[in-house]
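Following: one structure in structure tokens, then a few remarks.
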Amino acid sequence: MSLQKPSIPKGTRDFSPLEMVRRNYIFDTIRKVFQLFGYQPIETPAMENLSTLLGKYGEEGDKLLFKILNSGDFLENRGWRMEDGSRRSEVGGRNEEQLDYRTLLPFITEKGLRYDLTVPFARYVVQHQNEIIFPFKRYQIQPVWRADRPQKGRYREFFQCDVDVIGSDSLLNEVELVQIADKVFTNLGLKYIVKLNNRKILSGIAEVIGEPGGMIDLTITLDKMEKTHMDFVITELREKGFADASIDALAPFLNFAAEKDLAVILPFLKVNLHASSIGLAGIDEIEKITGYLQDLQLSGSVELDISLARGLNYYTGTIIEVKAKDVPMGSICGGGRYDDLTGIFGLKGVSGVGISFGADRIYDVMNELNLFPEMIAATTKVLFVNFGAAEEKFCLPILSSLRESGIPAEIFPEAAKLKKQLDYANRKKIPYTVLVGENEMKEGMLTLKDMQTGEQKLMTLEQVKEKMAK
RNA sequence: GUGGUCGUAGCUCAGUUGGUUAGAGCGUCAGAUUGUGGAUCUGAAGGUCGUGGGUUCGAGCCCCAUCUUCCACCCCA
């Protein structure tokens with residue numbers, strides 16, 4: 001026993017072989033679908049400059065950024081450590097006591113771990129704009145980090161699988177993203193619901209009720225409709241400073257928040273948002289998208305949910321969220337359109353839209369519903385039992401030959417007791433073992449043992465290969 | 001960040017009102033059994049009871065702090 005117990009940071013996890021096999025199954029499924037729709041892979045660094053990250057996710061997002069401490073003795077360099085103990089600071093000419101977190105921050109950290117894949121992607125697009133073929137369809141599967149407090153379906157390190165297309169306004173892209181989600185979840189055997197909304201509709205509602213500047217506050221609160229209820233929403237809006245008249249004007253929308261029938265809610269919105277051109281534009285977009293989707297065979301349902309606000313601050317148009325059926329879990333996939341994310345980095349007028357699959361939540365949902373196929377545990381097909389040095393030498397070329405034929409094979413690395421070696425095969429669920437001792441070597445034959453039935457037979461290498469190939 | 005919750009052997013968990021040397025099952029290792037496994041039997045190893053303080057003659061048990069787990073809020077995949 002070591003002196004101190006090792007551990008890993010809060011909200012992070014190790015993945016053991018069984019978990020990895022299952023996670024790879026999810027990643028492979030997703031990756032295949034992305035490629036099927038013509039998307040290309042990229043990767044970006046785990047860390048970005050804080051200037052890239054800060055201010056893109058809202059105030060809350062900034063707090064959840066993992067920041068990386070500068071290397072070197074930055075205290076010494078800033079003159080914060082004085083010989084006489086006076087510890088005066090050169091930062092903005094302020095005293096130690098006047099220093100707060102925000103003032104200090106830029107001096108001790110300038111890098112952070114990525115918070116999502118969309119913002120680094122926008123940065124990437126701007127930096128590589130001359131080599132990119134637009135519209136650029138890319139996918140990216142990498143971990144992201146958030147300094148959140150862990151809970152159900154929430155980790156501090158988790159994988160996102162992003163697909164985005166940038167450089168095209170077409171709503172065809174939105175339609176395609178829904179199709180991608182459909183294909184991924186259908187292939188994984190997951191039942192799902194796609195929820196759609198549009199920031200322009202939300203903006204229109206804010207405008208119509210007389211709170212044009214309150215869109216963000218409104219949407220965040222509206223999003224709680226599903227979890228809580230109307231009274232809660234009204235109370236919270238009042239706390240956020242919405243006028244009574246505005247809240248009264250909002251009431252009809254709240255009443256329709258639960259309405260899922262497009263034939264009912266679309267006409268309702270058209271009437272009630274007629275005074276807002278932006279709101280009407282949003283309705284129009286939703287109508288076009290759902291119009292296309294009607295003709296496609298999707299395995300899940302698609303709904304317009306005007307209480308859906310999810311997504312980060314940079315979304316400007318369509319908002320997409322996918323929830324798993326039959327399991328209480330946050331969204332397992334989400335995204336939307338962002339009209340000017342690259343604008344912040346100096347490339348104006350380029351619109352993008354994308355969604356992100358939460359691999360870890362998908363894993364949790366599939367685990368809970370027992371949706372992982374049994375077969376994917378298979379690794380080694382045949383184990384060569386080790387009887388000693390002479391036998392090892394005899395077996396190695398045979399092993400190579402098997403591997404050449406694409407049969408995963410291994411030899412036990414020590415001439416341990418047979419019991420131990422067979423036990424190893426059992427525990428690793430290796431279906432066959434090969435026993436080669438003096439007799440077999442003399443005859444140039446192999447004894448193949450079926451670990452399930454216990455049956456064993458003397459055969460040639462070719463016969464073994466034939467049997468393994470099945 | 002706020003509120004609650006959990007932590008005893010590798011794993012799952014007992015542990016009485018605060019009382020001598022902290023237990024069980026599973027797993028591991030060794031042997032019964034030196035080329036035939038999954039079974040059975042025998043034996044062994046394995047613990048600063050999350051960590052640090054405190055109360056007490058005495059703490060796994062009570063108090064405080066801290067870390068971790070899980071859950072809710074905020075927010076989000």
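Below, chain A is the first sequence line, B the second, and so on; all start at residue 1.
The residue Ile362(A) sits apart from the nucleic acid: no heavy atom pair falls under 4.0 Å. Residue Gln160(A) is in sugar-phosphate contact alone, with no base atom involved, counting any heavy-atom pair closer than 4.0 Å across all strands shown. Looking at heavy-atom distances under 4.0 Å, Gly61(A) makes no contact with the nucleic acid at all. Contacts of Phe159(A) with the nucleic acid, taken as non-hydrogen atoms under 4.0 Å apart, are absent. The residue Gly388(A) sits apart from the nucleic acid: no heavy atom pair falls under 4.0 Å.
Residues Asp162(A) and Thr118(A) bring a donor and an acceptor atom of their side chains to less than 3.5 Å of each other. A side-chain N or O of Glu440(A) and one of Thr447(A) form a donor-acceptor pair less than 3.5 Å apart. Under the 3.5 Å distance criterion, with hydrogens and angles disregarded, no donor-acceptor pair is assigned to the side chains of Asn197(A) and Tyr315(A). Residues Glu392(A) and Asn386(A) have side chains that bring a donor and an acceptor to within less than 3.5 angstrom of each other.
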Check: protein-nucleotides 3-5 of chain B nitrogen or oxygen pairs below 3.5 Å:
from  : atom 1 : to        : atom 2 : distance (Å)
G3(B) : O6     : Arg149(A) : NH1    : 3.4

At a cut-off of 3.5 Å, list every protein nitrogen or oxygen paired with a nitrogen or oxygen from nucleotides 26-28 of chain B, distance to 0.1 Å.
from   : atom 1 : to        : atom 2 : distance (Å)
U28(B) : OP1    : Arg427(A) : NH1    : 3.1

When you compare the protein's N or O atoms with those of nucleotides 32-36 of chain B, which come within less than 3.5 Å of each other, and at what distance?
from   : atom 1 : to        : atom 2 : distance (Å)
G35(B) : O6     : Gly437(A) : N      : 3.3
G35(B) : O6     : Glu438(A) : N      : 3.1
G35(B) : O6     : Glu440(A) : OE1    : 3.4
G35(B) : N1     : Glu440(A) : OE1    : 3.3
G35(B) : N1     : Glu440(A) : OE2    : 3.4
G35(B) : N2     : Glu440(A) : OE2    : 3.2
U36(B) : O2     : Lys449(A) : NZ     : 2.8
U36(B) : O2     : Gln456(A) : OE1    : 3.1
U36(B) : N3     : Gln456(A) : OE1    : 2.9
U36(B) : N3     : Gln456(A) : NE2    : 3.0
U36(B) : O4     : Gln456(A) : NE2    : 2.8

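The CZ-C1' distance, from Phe27(A) to A77(B), rounds to 12 Å in whole Å. Atom CZ of Phe158(A) and atom C1' of A77(B) are 5 Å apart (whole Å). Distance Lys152(A) NZ to C75(B) C1': 18 Å, rounded to the nearest Å.
The gap from the C1' atom of G18(B) to that of C76(B) amounts to 46 Å, rounded to the nearest Å. The same atom, C1', is picked in U2(B) and in C75(B); the two are 13 Å apart, to the nearest Å. A distance of about 24 Å separates the C1' atoms of C70(B) and C26(B), rounded to the whole Å. Across A65(B) and G47(B), the matching C1' atoms stand 24 Å from one another, rounded to whole Å. Of the C1' atoms belonging to C64(B) and U42(B), the separation is 49 Å, rounded to the nearest Å. As rounded to the nearest Å, G10(B) and U17(B) have P atoms that lie 28 Å from one another. Across G15(B) and G31(B), the matching P atoms stand 37 Å from one another, rounded to whole Å. The separation of U5(B) from C63(B), taken at their P atoms, amounts to 12 Å, rounded to a whole angstrom.
OP1 and OP2 of G1(B) both lie 4.0 Å or more from every side-chain N or O belonging to Lys63(A). Listed pair Lys224(A) / C75(B) meets the phosphate criterion, a side-chain N or O lying under 4.0 Å from OP1 or OP2. For Gln151(A), no side-chain nitrogen or oxygen approaches OP1 or OP2 of C71(B) to under 4.0 Å.
Residues in residues 420-463 of chain A take part in these ring pair (Phe, Tyr, Trp, His ring centres under 6.0 Å) pairs, two or more places apart or across chains: Phe412(A)-Tyr424(A).
Under the side-chain contact (heavy atoms from CB on, under 4.5 Å) criterion, Gln142(A) pairs with Glu43(A), Thr44(A), Arg114(A), Leu117(A), Gln140(A), sequence neighbours left out.
The base of C75(B) does not come close enough to the side chain of Arg146(A) for any donor and acceptor atom to sit less than 3.5 Å apart. Side-chain atoms of Arg361(A) come within donor-acceptor range of the base of C76(B), with a qualifying N/O pair under 3.5 Å.
Where pairing requires Watson-Crick or G-U contacts shorter than 3.5 Å, the helical stems of RNA chain B with at least three consecutive pairs are B:1-4 with B:70-73, B:10-13 with B:23-26, B:28-32 with B:40-44, B:50-54 with B:62-66.
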